[in-house]
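Worksheet: one structure, shown below.
For ligands, and for the atoms within them, numbers begin at 1 and follow the listed sequence. Note that the structure is predicted; figures quoted are calculated from it, not measured.
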Amino acid sequence: MSNPSQIEKMSLKDDQVNEEEEDIVNPWEVSTHSAKGVDYDKLIRKFGSTRIDHALIKRIENLTGRPVHHLLRRGIFFSQRDLEMILNVYEQKKPFYLYTGRGPSSEAMHMGHLIPFIFTKWLQDTFDVPLVIQLTDDEKFLWKDLTLEQTNHLAFENAKDIIACGFDVEKTFIFSDLDFLTNSPAFYRTICRIQKLVTYNQVKGIFGFTDSDSIGKISFPAVQAAPSFSCMFPEIFNGRSDIPCLIPCAIDQDPYFRMTRDVAPRMGCLKPALVHSTFFPALQGAQSKMSASDPNSSIFVTDTDQEIKDKINKYAFSGGGATVEEHKTKGGNCEVDVSYQYLTFFMEDDQRLEEIRMAYTSGELMTGSLKKELIDILQKMVGEHRQRREAVTDEIVRQFMKPRKLKYDYPAL
Ligand code: TYM
């Protein structure tokens with residue numbers, strides 16, 4: 001017989017159970033027990049970042065003279081550190097730069113991986129600033145069962161998908177750690193300066209390393225931290241170490257940059273600013289894991305039109321009623337419906353999205369029709385991405401990866 005406390009727990013509603021069960025969010029694991037996904041308010045409190053509010057969005061719009069990207073408008077990029085500082089710098093017509101990255105562990109990137117790059121492209125176009133993109137092939141060698149040659153090859157292939165997001169070659173430098181470290185003294189020097197300031201105890205606390213983790217893993221955070229400092233790129237910033245950096249990423253990467261911000265003042269450097277996004281959920285729902293080794297867990301940039309259609313119809317978790325009658329009387333639940341959630345990431349038209357939300361919630365719009373809206377959008381997006389990627393030759397990748405001066409219009413440099 002089950003014990004009474006078990007019965008009590010089982011009869012609790014989803015949310016109540018979650019209050020006891022912590023969400024896990026770190027660079028290696030994102031998991032939650034709630035069908036609605038991670039509790040981001042709680043995470044902001046835990047990490048000590050700041051929610052992006054309406055006033056900040058208004059300030060960006062006023063400064064740039066254009067509406068913000070829908071990923072910002074809809075709270076998908078929801079949290080920040082020192083973003084006001086970056087806006088002050090921009091307002092004073094002083095330079096800053098963008099830094100983001102990718103850990104190349106698989107050939108096919110999923111749509112979640114593209115989110116920070118789509119948003120970074122918008123930031124680059126809007127603020128007209130240089131961008132550096134780190135491909136951590138060293139990280140994936142250390143963490144995964146892959147050889148150096150494999151991760152280095154994956155970095156090159158992933159660069160093609162990143163370039164296909166539309167970055168400007170004159171303003172963007174993409175580098176693989178394994179390649180760039182061998183010919184950049186400034187990179188290794190910056191890493192050494194960081195390594196000297198962080199103790200094993202600190203990385204154990206931040207990243208949960210144990211005594212059996214390799215020393216490669218333990219020292220890697222300094223490699224991801226280094227590009228946050230402009231002194232790492234003398235080719236781009238003329239040796240200046242005072243150019244502020246803004247890092248767009250999903251919030252799983254924040255532990256790296258908490259460490260970076262902690263060491264920055266002790267290095268005589270500026271703390272990098274951050275904008276964090278929420279997570280793009282797996283097709284099966286917010287509680288399940290999106291994984292490159294499970295092709296049915298997400299939509300990949302390599303999926304064909306037919307695969308997109310089949311995956312959404314078969315696997316996208318539905319918040320609709322169990323029967324047509326039930327759906328018509330009770331309506332659908334957009335908060336847990338994966339197709340609706342995906343639309344919030346990719347449908348640009350606010351008005352249409354709101355119409356869909358209302359019609360689905362009232363039960364007027366059926367799950368099949370909601371899915372059809374999403375299928376059309378994804379087929380178009382992935383199709384266009386595929387075409388742009390096919391046009392990215394090895395030679396184009398090499399141009400992006402060449403250490404060089406970037407186009408940068410600030411007289412101060
Ligand atoms: P990686 O390859 O795991 O992820 C690349 C970028 O995608 C974000 N991301 C997601 N965003 C939304 N929804 C998801 N489901 C999702 N999954 C991943 C990640 O937050 C990241 O921004 N160690 C890093 C590479 C890196 C990096 C950086 C990332 C090096 N320097 C600076 C951001 C900023 C990694 O393995 O990312």
Side-chain angles (χ1 to χ4, degrees), residues 25-32 37-38 40 43 71 76-79 81 97-121 123 131-144 146 151 154-155 157-159 161-162 165 173-178 180 187 191 207 217 220-229 232 245-261 272-292 294 297-301 338 341-342 344-346:
V25 176
N26 63 46
W28 304 283
E29 188 180 353
V30 177
S31 65
T32 174
V38 172
Y40 289 105
L43 202 62
L71 289 171
I76 290 169
F77 274 83
F78 72 109
S79 153
R81 295 180 189 275
Y97 71 103
L98 298 165
Y99 158 43
T100 193
R102 153 84 180 144
S105 55
S106 63
E107 192 118 359
M109 286 167 72
H110 57 59
M111 295 305 282
H113 291 132
L114 284 197
I115 303 296
F117 292 103
I118 292 170
F119 188 62
T120 302
K121 152 93 176 121
L123 287 170
L131 160 69
V132 296
I133 300 176
Q134 178 179 46
L135 302 172
T136 51
D137 38 11
D138 52 347
E139 175 192 12
K140 293 302 157 184
F141 166 72
L142 292 165
W143 261 269
K144 304 269 173 183
L146 293 166
T151 58
L154 291 173
E157 289 307 308
N158 285 182
D161 277 310
I162 294 169
C165 291
F173 174 47
I174 303 180
F175 61 97
S176 115
D177 286 342
L178 292 175
F180 193 44
F187 192 1
I191 290 171
F207 299 98
K217 286 185 183 178
F220 172 75
V223 181
Q224 181 152 335
S228 314
F229 303 123
M232 192 189 122
C245 171
L246 172 63
I247 306 170
C249 58
I251 200 159
D252 62 326
Q253 300 296 311
D254 190 65
Y256 285 112
F257 302 114
R258 287 204 293 276
M259 186 199 84
T260 312
R261 286 169 57 84
L274 285 124
V275 264
H276 300 121
S277 77
T278 60
F279 293 100
F280 183 72
L283 279 172
Q284 289 75 4
Q287 288 145 302
S288 106
K289 240 178 128 68
M290 204 154 57
S291 146
D294 177 3
S297 66
S298 188
I299 302 296
F300 289 82
V301 294
V338 167
Q341 293 301 320
Y342 277 25
T344 66
F345 281 82
F346 300 124

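- Ligand 1 places these atoms under 4.0 Å from at least one heavy atom of T278: 12 (C).
- Within the structure, the closest approach of K140 to ligand 1 falls below 4.0 Å when heavy atoms are considered.
- Taking all heavy atoms of G103, P27, S298 into account, the minimum distance to atom 36 (O) of ligand 1 is reached by G103.
- The shortest N or O to N or O distance between Y256 and ligand 1 is not below 3.5 Å.
- Side-chain atoms of T344 and F280, non-hydrogen and from C-beta on, never get closer than 4.5 Å to each other.
- The side-chain heavy atoms of V301 and H113, taken from C-beta on, include no pair separated by under 4.5 Å.
- Across E107 and L154, no two heavy atoms sit closer than the pair N-CD2, 3.6 Å.
- Below 3.5 Å of separation, one finds no N or O of H110 facing any N or O of ligand 1.
- From the protein, the heavy atom lying nearest to atom 24 (C) of ligand 1 is Q253 OE1, 3.2 Å.
- Checked by atom type and distance alone, the side chain of Y97 pairs as donor or acceptor with a backbone atom of S228 at under 3.5 Å.
- Between Y99 and ligand 1, at least one N/O pair is under 3.5 Å apart.
- Here the protein heavy atom with the shortest distance to atom 11 (N) of ligand 1 is G112 O, 3.2 Å.
- Heavy-atom proximity to T136, at under 4.0 Å, picks out these atoms of ligand 1: 25 (C), 30 (C).
- Ligand 1 has a nitrogen or oxygen under 3.5 angstrom from a nitrogen or oxygen of Q224.
- Considering backbone and side-chain N/O of F117, none are found under 3.5 Å from N/O of ligand 1.
- The backbone N or O of S106 sits less than 3.5 Å from a side-chain atom of N158, completing a donor-acceptor pair.
- A heavy-atom distance below 4.5 Å is not found between the side chains of F117 and D161.
- Scanning S106, P116, P104 for the heavy atom closest to atom 6 (C) of ligand 1 points to P116.
- Note: no N/O pair closer than 3.5 Å links G101 and ligand 1 by distance alone.
- Judged purely by atom type and a 3.5 angstrom limit, Y40 has no side-chain atom pairing as donor or acceptor with the backbone of S277.
- F175 places a side-chain heavy atom less than 4.5 Å from the side chain of P227.
- I162 is listed as a side-chain neighbour of R102, based on a closest heavy-atom distance under 4.5 Å.
- For atom 4 (O) of ligand 1, the nearest non-hydrogen atom of the protein is H113 CD2, 3.7 Å.
- Every atom of ligand 1 with a heavy atom of D252 under 4.0 Å away is listed here by number and element: 19 (C), 20 (O).
- Ligand 1 has a nitrogen or oxygen under 3.5 angstrom from a nitrogen or oxygen of A250.
- For the ligand labelled ligand 1, residue V30 lies outside the 4.0 Å heavy-atom shell.
- Protein heavy atom closest to atom 13 (N) of ligand 1, with residue, atom name and distance, is F280 N, 2.9 Å.
- Under the 3.5 Å distance criterion, the side-chain polar atoms of S297 are left unmatched by any main-chain donor or acceptor of A282.
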Practice prompt. Would you sort out whether R81 and D254 count as a salt bridge (Lys or Arg N to Asp or Glu O under 4.0 Å), showing the intermediate values?
Written response: CA-CA 10 Å; R81 295 180 189 275; D254 190 65; 2.7 Å; yes

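- Of the heavy atoms in I247, only side-chain atoms (C-beta onward) come closer than 4.0 Å to ligand 1.
- Counting heavy atoms from C-beta on, the side chains of M111 and F345 never come closer than 4.5 Å.
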